[in-house]
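Heads up, the thing below is written out as structure tokens.
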Amino acid sequence: MAVVPYKEKEAGKKEQVSEMFDNISAKYDLLNRMLSGGVDLYWRKKAISMLKPKQPKYILDIATGTGDLAIEANKQLNPDKIIGVDISEGMLSHGREKMKRLGLDDKIEMRMGDSEKLLFDDNTFDAVIVSFGVRNFENLQKGLTDMCRVTKPGGTCVVVEFSNPKSFPMKQLYGFYSTKVLPLIGKLVSRDSSAYTYLPESVKAFPDGENFLSIFRSAGFKDTYCKTLTFGICSVYVGTK
């Protein structure tokens, strides 16, 4: 059974995730910094650095949210164009404001879009990137396969996602923080109690590590590998088409 934010509602996961991000969009960036202690910035930086040898010029940022990963990609890689897609208009609205503020609205384009039905031709992008988004896909295999479809042959896909620490004491500490502390702070700041209860539940249910790499490969990517960060709280997955 799919993990969803609003268990009392009958809507599917995609609709619920869109509603959830619309609800928390105004506080999303603040909560990211607070709840991770700013380490989410390091995770994005590390992930994008893995693309430097390829120097991609045309990049698609899946589940772009307010555009943090796209901004980091622009900073490190200086591509010709980045297109960010997301199913939440609330997140995109805040993202567009951010791009204007940073003078990046001509370089980073924010579009409404479904990550599992991408409105782009086959073999379009040099790189496809996503941070903390694939966990929210209604159908993980379908979403990754469509990401592969729009990637050029020889192009790279980089996925940043939460994972479950395996070693003592981080496993126990992270378990306590994610199930007790994180939902409480999230509720107080965002006023949406379900959003930050959904987060640890979705991380726990997500097929991380080798399980994800197996799905990644079956979606069409090769030369896949995983790099864990911060004691296994975050993982970066890389694959080539």
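This is a predicted model, so every value here is computed, not measured. FYI, side chains are in, hydrogens and waters are out, and symmetry mates aren't considered; it's all heavy atoms of this structure.
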- Nearest non-hydrogen partners of Ile82 and Ala73, listed with the distance: CD1-CB, 3.9 Å
- Separation between OG of Ser163 and CG of Leu229, rounded to the nearest 0.5 Å: 8.0 Å
- Would you indicate whether the side-chain heavy atoms of Gln172 and Phe176 approach each other to under 4.5 Å? no
- Shared hydrophobic cluster, Leu35 / Met170 (ILVMFWY, side-chain heavy atoms < 4.5 Å): yes
- For the side chain to side chain contact (heavy atoms under 4.5 Å, CB included) test, which of Leu144, Asp121, Leu118 pairs with Arg149? Leu118
- Do Asn23 and Tyr28 meet the criterion of a side-chain donor-acceptor pair at a distance under 3.5 Å? no
- Message: Hydrophobic clusters here meaning ILVMFWY residues chained together by side-chain heavy-atom distances under 4.5 Å, can you tell me if Leu30 and Val181 are in one?
- Response: yes
- Pairwise distance CE(Met91) to CE(Met112) - rounded to 0.5 angstrom: 12.0 Å
- Message: Are Leu60 and Leu140 linked, directly or through intermediate hydrophobic residues, by side-chain heavy-atom contacts shorter than 4.5 Å (ILVMFWY only)?
- Response: yes
- Heavy-atom check, side chain of Leu102 versus side chain of Lys75, under 4.5 Å: no
- Task: Considering only NZ, NE, NH1 and NH2 on the basic side and carboxylate oxygens on the acidic side, decide whether Lys98 and Asp29 come within less than 4.0 Å.
- Result: yes
- Task: Mind checking the CD1-OG1 spacing from Ile215 to Thr145? Nearest 0.5 Å is all I need.
- Result: 10.0 Å
- With a 4.5 Å limit on heavy-atom distance, are the side chains of Thr151 and Asn123 in contact? no
- Task: Mind running side-chain hydrogen bond (donor to acceptor under 3.5 Å, both in side chains) on Lys107 and Asn74 for me, showing each step along the way?
- Result: CA-CA 8 Å; Lys107 194 85 174 277; Asn74 182 68; 2.9 Å; yes
- Item | Those residues that, when tested against Tyr237, pass side-chain hydrogen bond (donor to acceptor under 3.5 Å, both in side chains) (two or more places apart) | none
- For Lys204, does the NZ atom have more than 12 heavy-atom neighbours from other residues, nucleotides or ligands under 6.0 Å away? no
- Decide yes or no for Leu77 and Glu72: does some side-chain heavy atom of the first lie under 4.5 Å from some side-chain heavy atom of the second? no
- Message: Looking at Lys13, I'd like to know if its NZ atom is crowded, meaning that more than 12 non-hydrogen atoms belonging to other residues, nucleotides or ligands lie closer than 6.0 Å.
- Response: yes
- Query: Less than 4.0 Å between a side-chain N and a carboxylate O, is that true for Lys187 and Asp192?
  - Reply: no
- Message: Please determine whether the number of non-hydrogen atoms from other residues, nucleotides or ligands lying under 6.0 Å from atom CZ of Arg191 exceeds 12.
- Response: no
- Message: Please evaluate residues Leu213 and Phe221 with respect to the criterion side-chain contact (heavy atoms from CB on, under 4.5 Å), reporting the C-alpha separation (whole Å), side-chain torsions for both, the decisive distance (0.1 Å), and the verdict.
- Response: CA-CA 9 Å; Leu213 288 176; Phe221 292 102; over 6 Å; no
- Item | Of all pairs that satisfy salt bridge (charged side-chain N to carboxylate O under 4.0 Å, His left out), the ones with a partner from residues 213-241, not counting sequence neighbours | Glu210-Arg217
- For the residue pair Thr64 and Val85, establish whether any side-chain heavy-atom pair is separated by less than 4.5 Å. no
- Message: With rounding to the nearest 0.5 angstrom, report the CG to NZ distance, Asn139 to Lys14.
- Response: 8.5 Å
- Query: Strictly by modelled atom types, are Ser235 and Asp208 linked by a side-chain donor-acceptor pair under 3.5 Å?
  - Reply: no
- Consider only side-chain heavy atoms of I, L, V, M, F, W and Y, link residues closer than 4.5 Å, and tell whether Leu199 and Leu41 are in one cluster. no
- Task: Please name the pair of heavy atoms, one in Tyr174 and one in Pro165, separated by the smallest distance, quoted to 0.1 Å.
- Result: CD2-CD, 3.4 Å
- Query: Where do Asp61 and Val130 come nearest, in terms of heavy atoms and distance?
  - Reply: OD1-CA, 4.2 Å
- Would you tell me whether Ser190 and Lys27 have side-chain atoms, one donor and one acceptor, within less than 3.5 Å of each other? no
- Sub-4.5 Å side-chain heavy-atom contact between Leu182 and Pro200: yes
- Polar side-chain atom of Ser18 near backbone of Ile87 as donor-acceptor pair, under 3.5 Å: yes
- Message: Looking at Ser202 and Tyr198, would you say the former's side chain and the latter's main chain have a donor-acceptor pair under 3.5 Å?
- Response: yes
- Task: Answer whether the closest heavy-atom distance between the side chains of Met147 and Ile62 falls below 4.5 Å.
- Result: yes
- Message: Side chains of Ile59 and Asp126, heavy atoms from C-beta outward: is any pair under 4.5 Å?
- Response: no
- Please assess Lys142 against Glu116 for the test salt bridge (Lys or Arg N to Asp or Glu O under 4.0 Å), listing each intermediate value before the final yes or no. CA-CA 6 Å; Lys142 187 178 177 185; Glu116 295 168 46; 5.1 Å; no
- Query: Would Phe212 and Phe206 satisfy ring pair (Phe, Tyr, Trp, His ring centres under 6.0 Å), going step by step from the backbone distance to the final call?
  - Reply: CA-CA 8 Å; Phe212 179 84; Phe206 185 72; 5.6 Å; yes
- Query: Closest approach of Ala63 and Asp86, non-hydrogen atoms and distance?
  - Reply: C-OD2, 3.2 Å
- Query: For Gly12 and Glu138, which heavy atoms make the closest approach, and how far apart are they?
  - Reply: C-OE2, 3.7 Å
- Task: Just do the side-chain contact (heavy atoms from CB on, under 4.5 Å) check on Asp122 and Val150 with the steps written out, would you?
- Result: CA-CA 4 Å; Asp122 297 358; Val150 302; 5.7 Å; no
- Message: Using 30° and 60° as the class boundaries, would you call the ring planes of Phe132 and Trp43 parallel, tilted or perpendicular?
- Response: tilted
- For residues Pro5 and Ser194, report the shortest heavy-atom separation together with the two atoms involved. O-CB, 3.2 Å
- Message: Can you tell me how far apart CG (Asp22) and OG (Ser88) are? Round to the nearest 0.5 Å.
- Response: 3.5 Å
- Query: Does a side-chain N-to-carboxylate-O contact under 4.0 Å join Asp146 and Lys117?
  - Reply: no
- Can a cation-pi geometry be assigned to Lys9 and Tyr6, taking NZ or CZ under 6.0 Å from the six-membered ring centre and within 45° of the ring axis? yes
- Inspect the surroundings of CG in Asp106 and state if more than 12 heavy atoms from other residues, nucleotides or ligands are less than 6.0 Å away. yes
- Task: State yes or no: do Val160 and Val39 share one hydrophobic cluster built from I, L, V, M, F, W and Y residues joined by side-chain heavy-atom distances below 4.5 Å, directly or via other members?
- Result: yes
- Taking atom types as modelled and ignoring hydrogens, do the side chains of Ser49 and Gln76 form a donor-acceptor contact shorter than 3.5 angstrom? no
- Leu188 atom CG: more than 12 heavy-atom contacts under 6.0 Å: yes
- Item | Within 6.0 Å of NZ in Lys7, more than 12 heavy atoms from elsewhere | yes
- Message: Take a 6.0 Å sphere around OH of Tyr177 and say whether it holds more than 12 heavy atoms from other residues, nucleotides or ligands.
- Response: yes
- Message: How long is the straight-line distance from OG1 of Thr156 back to CZ of Phe125, given to the nearest 0.5 Å?
- Response: 14.5 Å
- Item | Working for side-chain contact (heavy atoms from CB on, under 4.5 Å), residues Tyr196 and Val189 | CA-CA 10 Å; Tyr196 290 89; Val189 178; over 6 Å; no
- Message: Would you say that more than 12 heavy atoms from the other residues, nucleotides or ligands in this model lie under 6.0 Å from the NZ of Lys57, or not?
- Response: yes
- Task: Test side-chain contact (heavy atoms from CB on, under 4.5 Å) on Phe216 and Cys157 and set out the steps.
- Result: CA-CA 10 Å; Phe216 206 27; Cys157 179; 3.9 Å; yes
